[in-house]
**Q** 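So that we are looking at the same thing, I have put the structure below in structure tokens.
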Amino acid sequence: MIDKVIIIIIGMGIVTYITRSIMLSLDFKITKNCQVFLSYIPFSILSALIFPCILVPGKELNTTLSNHYLIAGIISIFIALISKKAVVTVIFGVTIMIFIKALSL
Amino acid sequence: MINNHFIEGLKRTFPLFIGVIPFGLAYGISAKTAGLNLFQTVLMSLIVFAGAAQFIAIEMMKLKSWIIAILITTLVINLRHILMSLSLKPFLSKYPKMLTLAIAFGIIDETFAVSSLYFTEKKEGYISFLFSSAVLMYFGWVGSSFLGYVLGEQIQDPLKWGLDFAMPATFIGILIPQVRSRNIMNTVVSSAITATILKLILNNPIFILFGAIIGAFVGYKSERSGL
């Protein structure tokens, strides 16, 4: 008898794989208009991953100095603008985050 | 398969590999607390490979939710992958279908983020880049899930170290330098506003999908009409 947890895991695996593969398994032509729309998806997804994460770190909007993610996020944005390099942004961003956390303990 | 793009994939994914470790540790600890055994905990990471969905599934198992409810929640949370693989489709269409269906397993937020921008930059898709990126993230996720379970209570809240910031920081580092046109700017701003508001209202990771659709639509409109 397979336990309930294993059924859940396999079910989740199938559902998740379908969301990842369905568009690649179907054969269809992507229209010009759709291609323009899709060309903006990388930017919009990144934005949707970044900003809610730094503006709403928990369940509520926090735009005060007590929001470490927001402070480190804004500094990281400036570093990214100046350095134009992801590696530099991460190293500085994480260092600043650890520093802020250490200071506020 | 091992070429410059493969190496480049490893390089550009590395900060995200570091960034996923605290989340994997936290997942391992939370699965242990929920009463899963080591095999089940690691198996879920091996088979599902989706952070947000796994965290929520564990919470739902604790509450003794119905299996179907857990599966529907998983589907809703992971709907954004449909948009990601659709956006990668034009770049991958030159490869054999079986190969793209295999690589589809590795399409997660992190691998999509680095790959889609790399492909956009090069104006061409490279499956070896996506492959090396996915392999690295897979090792990071599965390995840290295992460690989280084994080390358990010995590690104090890994999401409070500050290392979890590696993920948003990398995303900032790859997105911000690419905001070179007004259309992209409009996309980024509208997606940020939509996603943030919906996160507050819905309290479910589906806000990423809605933010992404609205943002891309605004980008499209702004390119077409010159907003």
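Protein chains get the first letters and strands the later ones, always in sequence-line order, with residue 1 at the start of each. Quick note: numbers below take in every heavy atom, side chains included, and nothing from hydrogens, waters or symmetry partners.
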**Q** With respect to chain A, which residue among B:A166, B:A113, B:G215 yields the maximal number of heavy-atom pairs within a distance under 4.5 Å?
**A** B:A166

**Q** May I ask you to name which of B:I214, B:L83, B:V179, B:L36 has the most heavy-atom pairs under 4.5 Å with chain A?
**A** B:L83

**Q** Where is the tightest heavy-atom contact between A:G93 and B:F165, given as atom of each residue plus distance?
**A** O-CD2, 3.6 Å

**Q** Picking from B:L101, B:I77, B:I47, which has the most non-hydrogen pairs under 4.5 angstrom with chain A?
**A** B:L101

**Q** Can you name the side chain to side chain contact (heavy atoms under 4.5 Å, CB included) partners of B:L79, sequence neighbours left out?
**A** B:L75, B:I82, B:I206, B:L209

**Q** Nearest 0.5 Å please: distance from the CD1 atom of A:I8 over to the CD1 atom of B:I67.
**A** 5.0 Å

**Q** If you define the side chain from C-beta out and look only at heavy atoms, does anything of B:P90 sit under 4.5 Å from A:I30?
**A** yes

**Q** Apply side chain to side chain contact (heavy atoms under 4.5 Å, CB included) to A:L65 and list each qualifying residue two or more places apart in sequence or on a separate chain.
**A** A:I71

**Q** Can you tell which part of B:L159 gets under 4.5 Å to a heavy atom of chain A, answering side chain, backbone, both or neither?
**A** backbone

**Q** With rounding to the nearest 0.5 angstrom, report the CD1 to CD1 distance, B:I70 to A:I7.
**A** 11.0 Å

**Q** Would you mind checking which part of A:L26 comes under 4.5 Å of any heavy atom in chain B, side chain (CB onward), backbone (N, CA, C, O), both or neither?
**A** backbone

**Q** Tell me which of these, A:L46, A:I77, A:V87, has more heavy-atom pairs under 4.5 Å with chain B than the rest.
**A** A:L46

**Q** Can you sort out the partners of B:F119 under ring pair (Phe, Tyr, Trp, His ring centres under 6.0 Å), two or more places apart, ordered by chain and number?
**A** B:F91

**Q** Give, as side chain, backbone, both or neither, the part of B:F39 having an atom under 4.5 angstrom from any heavy atom of chain A.
**A** side chain

**Q** Shorter than 4.5 Å, heavy atoms on both sides: which option in A:I22, A:I79, A:L24, A:I98 has the most such pairs with chain B?
**A** A:L24

**Q** Which atoms of B:M44 come close to chain A, meaning under 4.5 Å heavy atom to heavy atom: side chain ones, backbone ones, both, or neither?
**A** both

**Q** At a heavy-atom distance under 4.5 Å, which candidate from B:V48, B:I197, B:I107 has the highest pair count against chain A?
**A** B:V48

**Q** Please examine the side chains of B:F112 and A:I41, heavy atoms only from C-beta on, and report whether any two atoms are closer than 4.5 Å.
**A** yes

**Q** Taking atom CZ as the centre, does B:F105 end up with more than 12 heavy-atom neighbours from other residues, nucleotides or ligands that are less than 6.0 angstrom away?
**A** yes

**Q** Identify the heavy atoms of B:A212 and A:I45 that sit nearest to each other, and give their distance.
**A** CB-CG1, 3.4 Å

**Q** If we check side chain to side chain contact (heavy atoms under 4.5 Å, CB included) with A:L49, which of these qualifies: B:L175, B:I172, B:I208?
**A** B:I208

**Q** So what's closer than 4.5 Å to chain B heavy atoms on A:I50: side chain, backbone, both or neither?
**A** side chain

**Q** Most heavy-atom pairs under 4.5 angstrom with chain B, which of A:F99, A:F43, A:F51?
**A** A:F43

**Q** Got a second to check how far A:I9's CD1 is from B:L43's CG, nearest 0.5 Å?
**A** 4.5 Å

**Q** Could you state the interatomic distance from CG (A:L38) to CG (B:L88), rounded to the nearest 0.5 Å?
**A** 9.5 Å

**Q** Between A:F78 and chain B, which part of the residue has a heavy atom less than 4.5 Å away: side chain, backbone, both or neither?
**A** neither

**Q** Between chain A and chain B, which N or O donor and acceptor atoms come closer than 3.5 Å?
**A**
unit_1	atom_1	unit_2	atom_2	d
A:D3	OD2	B:Q40	NE2	2.7
A:T16	OG1	B:N78	ND2	3.0
A:Y17	OH	B:L101	O	2.4
A:T19	O	B:I82	N	3.3
A:T19	OG1	B:N78	O	3.4
A:T19	OG1	B:H81	ND1	3.4
A:R20	O	B:S85	OG	3.3
A:R20	NE	B:I107	O	2.9
A:R20	NH1	B:V48	O	3.2
A:R20	NH1	B:F105	O	3.3
A:R20	NH2	B:F49	O	2.6
A:M23	O	B:K89	NZ	2.8
A:S25	O	B:K97	NZ	2.5
A:L26	O	B:K89	NZ	2.6
A:D27	OD2	B:K97	NZ	3.2
A:N33	OD1	B:Y220	OH	3.4
A:N33	OD1	B:R224	NH1	2.3
A:Y40	OH	B:N183	ND2	3.3
A:Y40	OH	B:E223	OE1	2.6
A:S44	O	B:S191	OG	2.7
A:S44	OG	B:A212	O	2.8
A:S47	OG	B:V188	O	2.7
A:S47	OG	B:A192	N	3.3
A:A48	N	B:S191	OG	3.4
A:V56	O	B:K199	NZ	2.7
A:Y69	OH	B:D164	OD2	2.3

